[in-house]
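Only one structure is covered here, and it is reproduced in the block below.
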Amino acid sequence: MQASIDFEQLIDAIGDAVVMSDANGAITLWNPAAERMFGFTREEALGNSLDLIIPERLRGRHWEGYDKTMATGQTRYGHDVLKVPAVHKDGRSLSIAFTVALLQSPEPEHKVTGIVAVIRDETVRFAQERDLRKRLAELEAKSSG
């Protein structure tokens, strides 16, 4: 027999950020890893818009897709890992990778009630890859010159 699972403890113990938002984009779950990654406490994040972590220049595109997902009940990002910029509370840029899942009300409505994202900070790895690509381009330029 499987022991019952303490989902709150599970979410709090996960090393990746887990962020859940309702149909309007208000944050409804913010685990300790999200606090560490983005700098906002749970109290600061809960009830606020996802705009807390979305760079201003990307908000229009984000909300257009979010609203479409809420209206249609579908996301084109199913199991894909999305890689996008984000912003920390102190204003610095982050590079994050995440997956999303839609949360739905019970049958027969089956209406999308929110979205959960599992997020990893890829800022260091992204910078390392960028530096390697730059170095490779420099080496290729030297060898062909």
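Residue numbers start at 1 and run along the sequence shown. Computed over heavy atoms, backbone and side chain alike; hydrogens, waters and symmetry mates excluded.
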From CA spacing to verdict: side-chain contact (heavy atoms from CB on, under 4.5 Å), Arg61, Leu58: CA-CA 6 Å; Arg61 193 166 74 195; Leu58 300 177; 3.9 Å; yes

Atom of Leu102, atom of Ile115 and distance for their closest heavy-atom approach: CD2-CG1, 3.7 Å

Candidate pair Met37 and Ile96, rule side-chain contact (heavy atoms from CB on, under 4.5 Å), full reasoning: CA-CA 10 Å; Met37 186 179 302; Ile96 60 171; 4.3 Å; yes

Pair Arg135 + Glu138, salt bridge at N-O below 4.0 Å: yes

Note, Ile53 side chain near Leu94 side chain (heavy atom, < 4.5 Å): no

pair Asp12-Arg42: side-chain heavy atoms closer than 4.5 Å: yes

For Leu46 against Leu29, the heavy-atom pair lying closest together: CD2-N, 3.7 Å

From CA spacing to verdict: side-chain contact (heavy atoms from CB on, under 4.5 Å), Tyr66, Leu50: CA-CA 11 Å; Tyr66 196 95; Leu50 289 168; 3.9 Å; yes

Parallel, tilted or perpendicular, as decided by the 30° and 60° cut-offs, for the rings of Trp30 and Phe38: tilted

Sub-4.5 Å side-chain heavy-atom contact between Asp131 and Gln128: no

Heavy-atom neighbours of Arg125 CZ exceed 12 at 6.0 Å: yes

Crowding at NZ, Lys83 (>12 non-hydrogen neighbours, <6.0 Å): no

Heavy-atom side-chain proximity of Asp16 to Phe98 below 4.5 angstrom: no

Ala86 versus Pro55, closest heavy-atom pair with distance: CA-CD, 3.8 Å

